[in-house]
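Numbers restart at 1 for each chain; the letters A, B, ... are given by sequence-line order, proteins then strands.
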Number of protein chains: 2
Amino acid sequence: MARRQRWPDSTKRALVDVAERLFTEHGYSATSLDAIVAGADVTKGALYHHFSGKQAIFEAAFERVESRATAGIARATEGHRDPWLKAQAGLRAFLGAVQEPGYRQIVISDGPSVLGHERYREREERSTYAIVDEIVRSALGGGDWDLDDAMLDTFTRIFFGAMSAAGGAVAVSEDPAAAALRVEAAIGFVLAGLQRLLEEGVGSPDPGATSRT
Amino acid sequence: MARRQRWPDSTKRALVDVAERLFTEHGYSATSLDAIVAGADVTKGALYHHFSGKQAIFEAAFERVESRATAGIARATEGHRDPWLKAQAGLRAFLGAVQEPGYRQIVISDGPSVLGHERYREREERSTYAIVDEIVRSALGGGDWDLDDAMLDTFTRIFFGAMSAAGGAVAVSEDPAAAALRVEAAIGFVLAGLQRLLEEGVGSPDPGATSRT
DNA sequence: TTCTGTACATACCGACGGTACGTACCTTCA
DNA sequence: TGAAGGTACGTACCGTCGGTATGTACAGAA
């Protein structure tokens with residue numbers, strides 16, 4: 001019955017295509033394997049031949065969606081020499097990527113709980129997070145502060161979390177363009193504050209220095 | 001068999017007790033209603049008498065965990081007059097609350113996907129988020145910047161996202177105390193930058209002002 | 001005493017994730 | 001060339017789980 005005989009790659013691609021669409025539209029738990037295989041016009045035997053289970057095909061869709069976003073952001077940031085301009089370009093690209101429904105649902109919403117925070121961190125560590133980390137390091141690491149790795153990592157986490165939350169707010173906003181501009185302005189202002197402190201040679205933010213009085 | 005006859009409040013409490021524990025330990029989808037009712041020594045009839053379904057009992061556990069955290073943070077922030085000190089106290093309390101396993105699993109991890117981002121936002125809007133919002137407004141709204149509501153809301157989202165991400169990083173860190181200090185230092189530095197800009201009377205971050213060149 | 005509402009227990013259904021097994025087709029090699 | 005083995009599925013089935021329908025013991029009102 002299935003006319004997709006003897007060409008396995010197209011079957012696998014079709015499954016991931018349908019899975020990405022359904023996971024995006026209805027979320028992970030509300031998407032049944034029966035619906036996926038029906039959409040791809042195959043049976044569960046085919047799915048379980050190519051994937052070890054529901055989580056595995058979700059991961060395939062996850063990877064595809066995220067690599068698209070990562071590539072877009074990387075493309076936007078390359079070519080900038082000034083780290084602050086690079087940060088701004090990266091932020092803008094991130095805010096654009098996060099408005100894609102697939103990214104919001106699969107990566108941000110279902111990703112952590114389905115893959116587990118462990119595997120999720122591992123994946124993010126090598127993609128979007130890595131870009132943010134690179135930008136943060138080039139912007140803050142170059143100064144005369146002696147920020148160690150742990151401290152730079154903390155800054156990256158903070159900025160990544162801020163951007164993710166901001167992206168979500170932008171995505172659900174009734175006027176995403178205006179919301180994106182506000183986010184750019186706010187983060188730009190935060191960056192300007194840091195830049196000012198850098199220029200003025202304020203002491204590095206050591207643990208304890210700003211935690212008391 | 002169930003000796004908890006004719007005392008409905010204790011049954012309901014026992015159900016939420018067990019549900020909170022199991023949801024915390026195994027997550028939402030990996031926790032079955034059978035396990036909950038078995039732990040509370042009742043049957044599904046009792047559960048469905050008190051709650052409309054799995055999502056409802058999850059919400060009960062969610063509310064309890066979150067109200068605990070909110071109360072703790074509110075207790076830590078009250079009594080501070082200086083908004084920047086208040087922000088620091090609130091941040092410290094938040095970083096403490098977020099290390100509780102129940103908060104991490106139920107509120108942060110499962111909350112959004114189970115309740116739906118809609119209901120999740122509504123709940124957060126009136127609890128933890130409200131505290132952050134109040135702090136942000138008292139710290140940034142009082143200056144000579146003329147930040148409108150939308151802009152203040154953007155700042156709140158950004159800080160809330162940053163603190164959530166930082167909290168997660170603190171919680172999974174091998175040395176949570178040191179990680180919390182780093183987060184305090186980093187956010188404190190960001191706040192110091194903003195404070196400096198405020199003092200120097202830099203123009204308000206209007207959309208577009210910092211987004212070009 | 002009868003009636004009504006509460007607070008459960010019991011039995012059962014349908015959906016879903018996963019597994020076991022069968023099979024058509026292709027490639028390989030004696 | 002044909003037997004053997006592997007690939008790429010299809011089919012049938014099972015266990016679990018969320019949810020429902022129904023029964024029932026008991027307490028208080030009338």
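Look at CG on A:Asp41: it is 13 Å from C1' on D:dC9, rounded to the nearest Å. Rounded to an integer number of Å, the gap from A:Leu47 CG to D:dT11 P is 15 Å. Distance, A:Leu22 CG to C:dC16 C1': 15 Å, rounded to whole Å. In this structure, CG of B:Leu33 is placed 6 Å from P of D:dG19, rounded to the nearest angstrom. In this structure, CD1 of A:Ile57 is placed 15 Å from C1' of C:dC16, rounded to the nearest angstrom. Atom-to-atom, CZ of A:Phe58 to P of C:dG17 comes out at 14 Å; the value is rounded to the nearest Å. Following rounding to the nearest Å, A:Tyr48 (OH) and C:dT23 (P) show an atom-to-atom distance of 23 Å. Nucleotide C:dC8 holds its C1' atom 14 Å from the NZ atom of B:Lys12, rounded to whole Å.
Using a cut-off of 4.0 Å between Lys/Arg side-chain N and Asp/Glu carboxylate O, B:Arg126 and B:Glu134 are scored as not salt-bridged. Salt bridge absent: A:Arg21 and A:Asp17 never bring a charged side-chain N and a carboxylate O closer than 4.0 Å.
Open room surrounds CD on B:Glu63; 12 or fewer heavy atoms of other groups in view lie less than 6.0 Å from it.
Nearest-nucleotide positions on DNA chain C place A:Asp34 closer to the 5' end than the other of A:Gly45 and A:Asp34. In terms of position on DNA chain C, the residue among B:Ala46 and A:Gly53 whose nearest nucleotide sits closer to the 5' end is B:Ala46.
Taking the six-membered ring where tryptophan is involved, the planes of A:Phe94 and A:Tyr103 are perpendicular, since the angle between them exceeds 60° and thus also 30°.
Of the candidates A:Arg64, A:Lys54, A:Arg119, A:Arg119 is the only one forming a side chain to side chain donor-acceptor pair (under 3.5 Å) with A:Glu59.
In this structure, of D:dC17, D:dC9, C:dG17, it is C:dG17 that holds the atom nearest to the side chain of A:Ser32. Of the listed nucleotides (C:dA9, D:dG10, D:dG18), D:dG10 has the atom at the smallest distance from the side chain of A:Val42. The side chain of A:Thr43 has D:dT11 as its nearest neighbour among D:dT20, C:dC16, D:dT11.
Using a 4.0 Å heavy-atom cutoff across all strands shown, B:Thr31 reaches sugar-phosphate atoms only and no base atom.
Under 4.0 angstrom from either OP1 or OP2 of C:dT6 there lies no side-chain N or O belonging to B:His49. When the side-chain nitrogen and oxygen atoms of A:His50 are compared with OP1 and OP2 of D:dC9, one or more of them lie within a distance under 4.0 Å.
For D:dG10, its base never sits under 3.5 Å from the side chain of A:Lys44 at any donor and acceptor pair.
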